[in-house]
Amino acid sequence: MRGPGPEGTPVPRQLLAGDAASVAPTLLNKVLVKGDRAGRIVEVEAYGGAHDPASHAYRGRSPRNEVMFGGPGLLYVYFTYGMHWCANVVCGPVGEAQAVLVRALVPLTGIEAMQADRPAARQVRDLCNGPAKLCQALGIGGLDNGVDLVSGEGAIMVLDDGVAPPRRPGNGVRIGISVATERTMRWWVPDEPCVSKVSAGPLTGT
DNA sequence: CTTTGGATCGTCT
DNA sequence: GACGATCCAAAGG
């Protein structure tokens, strides 16, 4: 007996073995699940390890970014701004620290539980429309750092439920960084209300 | 509707 | 000691 979560199969680990910039748009419309809570991924950013000044791994290995080097399919969770958690899908070969930041979800299941954990969200569309918001909504935190997302056994998974990525995703610069700002490594599902507000800017119109 | 600034602490310099 | 892959409430138009 499965729980009330969506049907689907874990994303094959091999699909995550490429560079973050190649993998990121293919994760659009996949489903991130934790327990009974799930949402469809509609906005992502790629971080390119040692070759990307905006990556946490740019200056090499540290206790904080250790999981980024652990190979495709792991979950890298980090704490920032003194109060927020954010979640990444580690990709690339072992040792390269490629990672895809999950920036927004469309809530699918467990919406009541999400609302209980995010009283500040007044609309369902506000539950998961930001990288720290979705972690709060799904209950993802530091204890989840390093878990395997695609073994099919874990509490947190990335599933393919048969919905293909958009043929022509939105694409633009990353949010909240102060270096490497010229790289357009953010992708989103066009015309999707749950994409984070800051990124619903100029480039969405096409 | 938009803009602004406060919260808050782990991490690395 | 400074800053950050953010969020939210409050104030102003």
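The figures here come from the full heavy-atom set of this structure, side chains too, leaving out hydrogens, waters and symmetry mates. Here is how names work: the chains are called A, B, and so on, in the same order as the sequence lines, proteins then strands, and each is numbered from 1.
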C:dC8 OP1/OP2 closer than 4.0 Å to side-chain N/O of A:Arg122: no
Over-ring placement of A:Arg64 relative to A:Phe79, 6.0 Å and 45° cut-offs: no
Side-chain donor-acceptor pair present, A:His51, A:Tyr58, cut-off under 3.5 Å: no
Value rounded to 0.5 Å, distance of CG in A:Asp161 from CG in A:Leu159: 7.5 Å
Sugar-phosphate, base or nothing in reach of A:Phe79, heavy atoms under 4.0 Å: sugar-phosphate
Interatomic distance where CH2 belongs to A:Trp85 and P belongs to C:dA5 [whole Å]: 15 Å
Comparing A:Ile177 and A:Asp126 on DNA chain C - which has the more 5′ nearest nucleotide: A:Ile177
Short side-chain N/O contact from A:Lys133 to OP1 or OP2 of C:dC8, under 4.0 Å: yes
Contact boundaries on DNA chain B for chain A, cut-off under 4.0 Å to non-hydrogen atoms: B:dA7 to B:dT13
Candidate pair A:Lys133 and A:Asp117, rule salt bridge (charged side-chain N to carboxylate O under 4.0 Å, His left out), full reasoning: CA-CA 10 Å; A:Lys133 295 176 185 179; A:Asp117 279 349; over 6 Å; no
A:Val195 backbone acceptor or donor facing A:Asn129 side chain under 3.5 Å: no
Any A:Trp188 side-chain heavy atom under 4.5 Å of A:Val42 side chain: no
Atom-pair distance (CD on A:Gln98; P on C:dA5), nearest Å: 17 Å
Nearest-angstrom distance from the residue atom CD of A:Gln123 to C1' of C:dC8: 15 Å
Whole-Å gap separating C1' (C:dT6) and CZ (A:Arg174): 16 Å
B:dT4 and C:dA5, which share atom name P, separated by this distance in whole Å: 22 Å
Length of the CD1-P vector between A:Ile175 and C:dC7, whole Å: 11 Å
C1' atoms of B:dG6 and C:dC3, separation to the nearest Å: 15 Å
A:Glu45/A:Arg103 salt bridge by N-O under 4.0 Å criterion: yes
Which nucleotide in C:dG4, C:dA9, C:dC7 has an atom nearest any side-chain atom of A:Ser178: C:dG4
Whole-Å distance separating the OH atom of A:Tyr58 from the P atom of C:dA5: 14 Å
Spacing between A:Leu101 atom CG and C:dA5 atom P, to the nearest angstrom: 10 Å
Backbone of A:Gly172 reached by a side-chain donor or acceptor of A:Arg186 within 3.5 Å: no
Sugar-phosphate, base or nothing in reach of A:Ala132, heavy atoms under 4.0 Å: sugar-phosphate
Stems formed with participation of DNA chain C [Watson-Crick or G-U wobble, under 3.5 Å, three or more pairs]: B:1-7 with C:6-12, B:9-12 with C:1-4
Student check: side-chain heavy atoms of A:Lys30 and A:Val163 closer than 4.5 Å: no
Side-chain touch A:Leu74/A:Met68, heavy atoms, less than 4.5 angstrom: no
N/O (side chain, A:Arg118) to phosphate O (OP1/OP2, C:dC7) under 4.0 Å: no
Rounded distance in Å - CG (A:Asp117) to P (C:dC7): 16 Å
